[in-house]
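Below, chains carry the letters A, B, ... as their sequence lines are ordered, and counting in each starts from 1. This structure is a prediction, so every number in the text was calculated from the model and none was measured.
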Amino acid sequence: MQDYLKGLNERQRDAVLTTDGPLMIVAGAGSGKTKVLTTRIAHLMAKGVDSFNILALTFTNKAAAEMKERVEHILASREARNLYIGTFHSVFARILRAEAHRIGYPNSFTIYDTDDAKSVVKAVTGELNLDVQHYKPNVVYNRISSAKNALVGPKEYLTDYHLQQEDMRANRPMVGHIYDAYAKRCFKNGAMDFDDLLFKMYELLRGFPEVLSKYQHKFKYIMIDEYQDTNPAQYEIIKLLGAMHENVCVVGDDAQSIYSFRGATIENILQFQKDYDDVKVIKLEQNYRSTQNILTIANEVIKNNKGQIPKTLFTENATGEKIKLVRTMTDNDEGKYIADAIQELRLRNHYVNKDFAILYRTNAQSRSFEESLRRMNIPYTIFGGISFYQRKEIKDFLSYLRLIVNPKDEEALKRIINYPVRGIGKTSIDRAIANANERNISMWEVLEAAPMFGYKAGTLQAIEEFVMMIRSFRSMLETKNAYDIAFHVGKQTSFVKELFNDKSTEGVQRYENIQELLNSIKEFTETPGNEESGEVGDKSLGAYLQQIVLLTDSDQKDPNADTVKLMTIHAAKGLEYPVVFVGGLEESLFPNAMSLNTREELEEERRLFYVAITRAKGRLYLTYANTRYRFGQLVQSDASRFIAEIPEAYLDHSYAGGGVKNQSSSSRWGMGSAFERMQRGAPEQKERTIVSTLLNNAKPKEVSHTPSPNFIPSDISTLAVGQKVEHQKFGFGEIVTLEGSAHNPVATIRFDQNGEKKIMLNYAKLMVVG
DNA sequence: TCATAGCTACTTTTT
DNA sequence: GTAGCTATGA
């Protein structure tokens with residue numbers, strides 16, 4: 001027997017050795033799913049299947065990277081580099097890029113992230129003369145997104161009776177028209193949003209039989225991870241790609257389906273068995289991860305859901321500790337309790353930081369955990385929240401790069417046309433957009449032909465300078481790699497200089513972020529051919545941009561660092577930790593108030609709880625707080641209904657509140673009259689008020705100044721560094737620097753009474769003194 | 001044309 | 001509590 005088959009149980013081995021024909025693996029939590037998938041790939045290759053013929057799709061980059069690494073490890077060969085292992089989005093982006101010309105897109109098409117997409121929705125809504133307050137971009141975008149995930153295009157949307165009825169009832173009858181305008185605008189911009197990467201992929205395969213045939217031949221073996229999270233678009237694409245060889249292996253667990261809000265449907269699991277004649281189903285039911293206690297309560301909780309694929313998870317692991325259930329007074333106490341517990345567990349049980357994870361329902365909850373960990377000097381990493389690439393300064397800089405690669409990218413253009421300030425204001429921008437729409441050309445083309453559109457002299461000059469600059473950057477595309485161009489852009493625009501001159505804390509941070517971005521681009525250009533990121537050895541700017549937009553926050557942080565990990569339960573799927581804390585187990589937070597409308601929604605919340613529990617290997621802590629700040633307001637909450645679904649025998653109750661640590665409580669919910677809670681809660685509230693008052697008072701006050709009676713503003717051109725000047729409001733001071741463009745000169749002046757300020761000379765009046 | 005202060009709406013989860 | 005937008009003065 002081959003080495004790699006040792007250490008697999010019978011079912012797992014069966015799954016690995018079943019290489020041909022449709023296969024569905026129902027893999028319970030912690031049952032060695034990734035091990036099976038990676039071994040299966042290794043086995044295929046050992047059998048002589050060419051690595052170029054294997055496709056494995058995951059939902060996260062993290063999962064893809066891990067899979068790749070493990071296959072490489074098993075095979076101890078670089079052959080694994082040729083495997084197509086990646087997320088649905090990244091693999092499809094790569095294929096779309098190669099086939100873009102067929103569907104009228106440039107191969108350098110831009111991928112719009114959610115922010116870009118919402119911004120386009122907002123823009124076209126306005127252009128259709130619809131009220132943006134009523135047609136909220138968020139809401140409209142979500143409807144468009146759902147439509148695409150269900151493979152409903154704009155035409156179909158407008159003629160779909162059901163969808164139209166829904167929009168009528170919501171008093172938003174024009175959503176379909178916005179969708180249509182949005183799709184057209186994206187196409188005109190040479191851009192695809194995340195959903196388009198699936199939607200257009202489907203259209204490509206359906207519309208071009210020769211393309212379909214090409215990829216059907218290429219992908220002889222297809223594997224899908226987390227199958228329960230696929231949406232109809234993904235489902236149909238897999239069906240098309242697998243139709244020729246039918247060597248499709250899907251791995252999933254219906255109990256861990258937590259993405260229905262993104263259009264995922266468990267139906268796909270049932271449908272899979274109907275699509276092929278002879279689907280082999282293998283259930284992996286032995287859990288290798290958790291203690292018996294943890295697994296038992298997980299099973300007990302999930303029992304409350306109806307309609308599951310029947311399976312019994314079991315383990316041969318030790319019984320383990322009881323599950324610790326902790327009630328605290330406030331959300332801050334919850335944070336304190338967890339930080340204390342981590343400290344104590346490290347000392348007593350020789351855990352290290354990276355053995356701990358704190359999981360929560362919403363990102364907003366991370367704050368109190370963060371604070372208490374910081375106070376105790378426990379190193380931590382937060383996963384989730386906004387990605388590095390979504391920070392304003394990063395997006396601005398990237399917008400330059402995006403525009404260079406794809407001048408039709410209107411979103412990028414709008415972000416940077418006047419950043420740094422170059423005298424092209426809102427009025428001019430709006431006009432350029434209107435001109436572009438009238439003539440059905442891109443905004444960039446309007447700018448290139450600016451003299452034809454009658455801008456006033458100053459603006460025209462600014463536009464022409466801008467166009468010249470971008471053109472000069474574009475001329476580097478053919479010959480220079482991503483880093484060289486980015487470096488040049490940083491140097492030529494006053495972008496980086498401006499950030500460098502901003503010495504505020506945030507300014508320094510922003511400057512450092514840009515440094516980091518440049519470093520990452522350098523790393524990209526210097527890393528030898530990484531197939532996953534695009535064509536082999538493609539170090540172009542376009543390749544770089546397409547790759548980073550699909551990265552999430554989790555992909556940029558080191559999961560192996562010795563730090564406590566903080567993340568949402570969604571982000572924790574597929575991960576495991578020796579000690580897991582699940583925070584905020586309160587009604588209307590978890591289960592979340594947004595998900596209490598239907599039985600399906602509640603069941604999804606319960607599956608989410610199931611996922612949270614099953615992340616724990618050895619110890620599990622469930623915590624909840626009596627009072628918590630939400631939307632900046634103190635709210636009272638009851639314990640989550642999920643807690644009551646755990647049999648009492650497995651629980652070990654604690655109470656920790658108002659500075660009292662680990663105080664046991666006899667009753668199930670501990671002490672709990674509303675009156676008592678209010679009393680306990682009060683001091684906390686007071687403390688916050690004091691802090692915020694202090695902060696308000698800490699704001700520097702301006703010392704007012706009455707201008708001299710003979711105040712006459714001096715001519716700007718006479719100003720020089722070192723001169724003493726008088727400002728009407730800020731008083732007397734000395735000019736430290738003179739900068740900015742000729743159109744918009746800016747002086748930094750150190751005032752005697754009011755500190756250093758940046759003054760725009762076009763508007764502020766200054767008089768030279770003495 | 002631009003920066004600032006004040007107001008509002010938002011937070012469920014993510015590629 | 002805060003990001004993002006609008007009205008306002010420079």
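The phosphate of B/dT13 (OP1 or OP2) has no side-chain N or O of A/Asn592 nearer than 4.0 angstrom. OP1 or OP2 of B/dT12 has not a single side-chain nitrogen or oxygen of A/Thr568 nearer than 4.0 Å. Within the structure, a side-chain polar atom (N or O) of A/Thr427 is placed less than 4.0 Å from OP1 or OP2 of B/dT1. Phosphate proximity of B/dT15 to A/Asn149: absent, as no side-chain N or O sits under 4.0 Å from OP1 or OP2. A sub-4.0 Å separation between OP1 or OP2 of B/dT13 and a side-chain N or O of A/Thr362 is absent.
A/Thr114 comes within 4.0 angstrom of a base, heavy atoms only. At a threshold of 4.0 angstrom between heavy atoms, the contacts of A/Asn138 are confined to the sugar-phosphate backbone, with no base atom among them. A/Arg367 comes within 4.0 angstrom of sugar-phosphate atoms only, judged by non-hydrogen atoms across all strands, and of no base. Using a 4.0 Å heavy-atom criterion, one finds that A/Phe194 contacts the bases of the nucleic acid, with or without backbone contacts as well. In this structure, A/Ser595 reaches the bases: a heavy-atom distance under 4.0 Å links it to at least one base atom across the strands shown. Residue-level contact check: A/Asp195 touches neither bases nor backbone, having no heavy atom under 4.0 Å from any strand. Counting any heavy atom pair closer than 4.0 Å across all strands shown, A/Lys392 reaches no nucleic acid atom. No engagement by A/Phe590 is indicated, since no non-hydrogen atom pair under 4.0 Å with the nucleic acid exists.
Closest contact between the side chain of A/Arg262 and the listed nucleotides B/dT13, B/dT11, B/dT14 involves B/dT14. Comparing B/dT14, B/dT1, B/dT15 against the side chain of A/His570 picks out B/dT14 as the nearest. Candidate nucleotides B/dT12, B/dC2, B/dT14 were compared by shortest atom distance to the side chain of A/Asn418, and B/dC2 ranks first. The side chain of A/Lys136 approaches B/dC10 more closely than any other nucleotide in the set B/dT1, B/dC10, B/dT14.
Straight-line distance from the CZ atom of A/Phe261 to the C1' atom of B/dT13: 4 Å, rounded to whole Å. For A/Met567 and B/dT14, the CE to C1' distance is 14 Å, given to the nearest whole Å. Taking atom CE of residue A/Met201 and atom P of nucleotide B/dT15, one finds them 20 Å apart after rounding to whole Å. One atom, CG of A/Asn231, and another, C1' of B/dT15, lie 10 Å apart when rounded to the nearest Å. Between A/Gln556 atom CD and B/dT14 atom P the separation is 14 Å, expressed in whole Å. In this structure, the OH atom of A/Tyr629 is 8 Å from the P atom of C/dG1, given to the nearest Å. A/Gln365 places its CD atom 12 Å from the C1' atom of B/dT13, with the value rounded to the nearest Å. As rounded to whole Å, 17 Å separates atom P of B/dT14 from atom CG of A/Leu198.
Two residues are said to be in side-chain contact when any heavy atoms from C-beta on lie closer than 4.5 Å; A/Met201 and A/Leu205 meet this criterion.
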Scan nucleotides 3-8 of chain C against the protein and return all N/O pairs shorter than 3.5 Å with their distances rounded to 0.1 Å.
none

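Judged as a side chain to side chain donor-acceptor pair (under 3.5 Å), and not counting sequence neighbours, the contacts of A/Lys118 are A/Asn138. Residues that satisfy the side chain to side chain donor-acceptor pair (under 3.5 Å) test with A/Glu605, not counting sequence neighbours, are A/Arg361, A/Ser595. By the side chain to side chain donor-acceptor pair (under 3.5 Å) test, A/Lys392 is found to be paired with A/Asp396, residues two or more places apart in sequence or in another chain being considered. Listed by chain and residue number, nothing satisfies the side chain to side chain donor-acceptor pair (under 3.5 Å) test with A/Tyr360 (two or more places apart in sequence, or in another chain). Partners of A/Phe642 according to the ring pair (Phe, Tyr, Trp, His ring centres under 6.0 Å) rule, which considers only residues two or more places apart in sequence or in another chain, are A/Phe590, A/Phe609.
Interatomic distance, A/Glu586 CD to A/Thr627 OG1, rounded to the nearest 0.5 Å: 8.5 Å. Atom CD1 of A/Ile111 is separated from atom CZ of A/Arg97 by 9.0 Å, given to the nearest 0.5 angstrom. Note that CD of A/Glu66 is 8.0 Å distant from CG of A/Leu575, once rounded to the nearest 0.5 Å.
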